[in-house]
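Report on one structure; see the data block that follows.
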Amino acid sequence: MSAVETIHVDGVWRPAASGAQREILDPADAGTLAVVAEGGADDADAAVAAARRAFDSGSWSRTPVEERAALLHAVADLLRRDRETLALIESRDTGKTLEEGRVDVDDVTRAFRYFADLVVEDSGGRVVDAGSADIRSVVVHEPVGVCALITPWNYPLLQASWKIAPALAAGNTFVIKPSEITPLSTIHLMRLLVEAGLPAGVGNLVTGAGEPVGARLANHPEVDLISFTGGLASGTKVMAAAAPSVKKVALELGGKNPNVVFADACATEEGFDTAVDQALNAAFIHSGQVCSAGSRLIVEESLRERFVAELARRTARIRLGRGTEPGVECGPLVSAQQLARTEAYVASALAEGAILRSGGSRPAPAANRPATGFFYAPTVLDRCHRQMRVIREETFGPILTVETFRTEDEAVALANDTEYGLAGAVWTGDPSRAQRVAGWLRHGTVWINDYHPYLPQAEWGGFGKSGIGRELGPSGLREYRETKHVYQNLAPRPVRWFAG
């Protein structure tokens with residue numbers, strides 16, 4: 001296969017219709033990692049047409065649910081086989097550590113298996129009692145149709161699985177557009193789908209930019225559902241583009257996530273160590289380029305000095321470098337644009353009165369950290385307040401801000417004072433307080449004395465401007481289904497409503 005044949009339409013790998021190509025950069029040194037096809041609107045149209053034909057033919061939607069599930073399990077087996085290959089691709093393409101890449105592949109494998117099992121369990125429909133033995137009334141689920149799936153650059157493989165697995169399980173066809181910055185693992189996943197036996201046209205891939213490819217998928221009249229994960233500004237454009245055709249829309253648009261630490265969580269040395277360690281994990285996994293990153297530390301005032309001092313000490317010791325190198329704990333940012341964005345946020349925070357406790361600059365070059373790479377030191381900003389831009393906006397970088405509270409009500413008010421509502425955490429040694437605060441937080445996922453774990457069987461999504469709909473769990477399958485009521489009269493006779 002040629003390096004530029006990365007568009008997959010109707011079972012065939014091909015270059016872009018225009019012949020255009022794009023270089024994919026290695027974020028660790030800004031060198032060329034790969035060359036892919038740069039698709040356009042014509043490629044998107046061809047992919048949608050193929051998906052439409054495949055859906056209307058019933059080649060997948062009418063396949064018995066057990067066979068659809070078997071294919072998903074086959075893909076999971078192939079993912080396990082290619083675990084190291086995919087982890088390396090994901091690490092080099094996104095900059096994350098190799099171990100994070102392995103975790104991603106394992107999570108993707110679990111997602112495919114989960115939806116394979118769920119669709120078999122949840123395929124029988126629901127009998128409705130109509131109050132008469134002569135009436136058979138059943139509520140059934142059918143696939144939505146052609147699904148356009150648009151994924152982000154930070155977790156390209158993981159987010160692809162959260163969309164592709166339930167879409168296929170439900171019997172849909174799809175066109176997927178990965179981020180133009182990090183498309184490589186999605187290309188490999190498409191190859192695995194083909195290897196597993198996915199019929200031609202059921203799954204289609206177009207590599208290219210959001211404009212024009214994503215925009216065309218969003219407004220295409222033959223697309224029945226669009227699922228988008230990305231930034232708020234792009235998400236609102238997708239929603240507006242989808243409105244004229246009244247297609248189903250599912251959006252996951254990020255968050256500004258609070259990590260609330262009460263002093264009683266740190267009453268012991270073990271409790272203190274755990275809370276500090278988890279605050280680092282919350283903020284700096286994948287260099288903070290995580291929609292659910294705990295970038296807002298909200299700590300009880302009496303604990304602030306001790307907690308922030310230890311947090312800053314450990315932050316300064318984070319080993320930064322190329323994600324594939326042994327011992328590296330934090331890789332580069334994904335692009336020069338993301339690096340510049342991070343620098344701008346730190347500069348604005350300092351100008352608005354924040355106190356720099358750690359980081360705040362590009363690190364010195366090293367053997368595994370070329371000067372041309374997009375590296376930025378993990379940064380802790382103390383004495384932050386709600387008027388700061390760094391507090392209000394999703395920074396999507398290795399920036400941890402510190403705010404303080406004195407009362408439980410103040411902690412909840414600070415945590416909920418955001419346009420977003422994706423995720424948050426509360427740390428406390430008081431079980432009653434834990435449940436009380438978790439109940440008051442307006443976020444789609446709330447962790448108690450933990451941060452970041454998720455389960456494929458539990459829904460993921462947010463309140464407010466964090467999006468619409470849910471991924472994972474039973475609701476993640478329902479997003480890709482239409483509900484139909486079938487009412488059958490077993491003994492029809494005249495109604496005699498009209499005299500005749």
Side-chain angles (χ1 to χ4, degrees), residues 107 111 114 155 158-159 162 229 232 250-267 271 274-286 288 290-300 303 307 311 386 391-392 394-396 400-476 479:
D107 287 347
Y114 170 73
Y155 283 90
L158 187 69
Q159 290 296 321
W162 287 15
T229 300
L232 176 59
L251 304 174
E252 202 265 80
L253 305 178
K256 191 66 181 173
N257 311 291
N259 186 22
V260 181
V261 181
F262 286 89
D264 61 22
C266 300
T274 300
V276 172
D277 175 76
Q278 288 277 14
L280 292 170
N281 292 343
F284 300 131
I285 288 290
H286 193 13
V290 184
C291 59
S292 56
S295 60
R296 295 174 55 212
L297 176 64
I298 302 174
V299 62
E300 192 163 353
L303 183 64
F307 197 95
L311 186 71
R386 299 301 298 145
I391 291 289
R392 307 301 305 183
E394 185 180 34
T395 55
F396 230 65
L400 177 60
T401 60
V402 182
E403 302 163 80
T404 58
F405 65 90
R406 290 187 175 87
T407 68
E408 188 174 297
D409 287 346
E410 187 181 0
V412 171
L414 282 171
N416 284 337
D417 186 12
T418 173
E419 294 181 319
Y420 296 99
L422 183 61
V426 53
W427 290 82
T428 177
D430 182 341
S432 297
R433 168 180 279 164
Q435 293 299 320
R436 189 167 57 245
V437 173
W440 287 338
L441 292 180
R442 297 283 295 168
H443 301 272
T445 293
V446 177
W447 295 287
I448 298 174
N449 296 338
D450 211 331
Y451 208 100
H452 273 320
Y454 74 93
L455 302 170
Q457 60 268 36
E459 279 76 356
W460 180 265
F463 296 5
K465 291 185 178 179
S466 283
I468 298 171
R470 292 294 184 269
E471 296 188 290
L472 302 180
S475 299
E479 292 284 352

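From a predicted model like this one, the values you see are computed outputs, not experimental measurements.
- The side-chain heavy atoms of L303 and V261, taken from C-beta on, include a pair separated by under 4.5 Å.
- The closest donor-acceptor contact from the side chain of Y451 to the backbone of G294 lies under 3.5 Å.
- Note: Y155 OH to T229 OG1 = 13.0 Å, rounded to the nearest 0.5 Å.
- For residues 422-437, the pairs satisfying salt bridge (charged side-chain N to carboxylate O under 4.0 Å, His left out) are D264-R433, E408-R433, E408-R436, with sequence neighbours left out.
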Pair up each side-chain donor or acceptor in residues 440-448 with any protein partner under 3.5 Å, not counting sequence neighbours, and list the distances.
from : atom 1 : to   : atom 2 : distance (Å)
H443 : NE2    : A415 : O      : 3.2
W447 : NE1    : P453 : O      : 2.7

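- Proximity of a side-chain donor or acceptor of E394 to a complementary backbone N or O of G255 within less than 3.5 Å is detected.
- The side chain to side chain contact (heavy atoms under 4.5 Å, CB included) check on E300 picks up F262, A263, S302, F405, with sequence neighbours excluded.
- Here the straight-line distance linking atom CD of E403 with atom CZ of R296 works out to 5.0 Å at 0.5 Å rounding.
- For E459, there are no salt bridge (Lys or Arg N to Asp or Glu O under 4.0 Å) partners at least two apart in sequence or on another chain.
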Is there a side chain to side chain contact (heavy atoms under 4.5 Å, CB included) between F307 and V402? Walk through the geometry before answering.
CA-CA 10 Å; F307 197 95; V402 182; over 6 Å; no
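- A423 and P258 make their closest contact through O-CD, 3.3 Å (heavy atoms, listed as atom of the first residue, atom of the second, distance).
- Residues that satisfy the salt bridge (Lys or Arg N to Asp or Glu O under 4.0 Å) test with E419, not counting sequence neighbours, are K465.
- At least one side-chain heavy atom of L400 sits under 4.5 Å from a side-chain heavy atom of L311.
- To the nearest 0.5 angstrom, Q278 atom CD is 5.0 Å from D450 atom CG.
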Check the pair S292 / W460 against side chain to side chain contact (heavy atoms under 4.5 Å, CB included), numbers first and verdict last.
CA-CA 10 Å; S292 56; W460 180 265; 3.6 Å; yes
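- A donor-acceptor pair is defined here as one N or O able to donate and one able to accept, closer than 3.5 Å; such a pair exists between the side chain of E479 and the backbone of R470.
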Full working for side chain to side chain contact (heavy atoms under 4.5 Å, CB included) between Y454 and D107:
CA-CA 10 Å; Y454 74 93; D107 287 347; 3.0 Å; yes
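- Partners of S466 under the side chain to side chain contact (heavy atoms under 4.5 Å, CB included) rule, at least two apart in sequence or in another chain, are Y420, L422.
- For the atom pair OG1 (T404) and CG (L297), the distance works out to 10.0 Å, reported to the nearest 0.5 Å.
- In this structure a side-chain-to-backbone donor-acceptor pair under 3.5 Å is missing from N257 to S295.
- Rounding to the nearest 0.5 angstrom, the gap separating the CG atom in L280 from the CD1 atom in I285 is 9.5 Å.
- The structure places CG of N259 at 8.5 Å from CD1 of I298, a figure rounded to the nearest 0.5 Å.
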Just do the side chain to side chain contact (heavy atoms under 4.5 Å, CB included) check on W427 and T274 with the steps written out, would you?
CA-CA 10 Å; W427 290 82; T274 300; 3.9 Å; yes
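- Checking side-chain atoms of R406 against main-chain N and O of A411 turns up no donor-acceptor pair under 3.5 Å.
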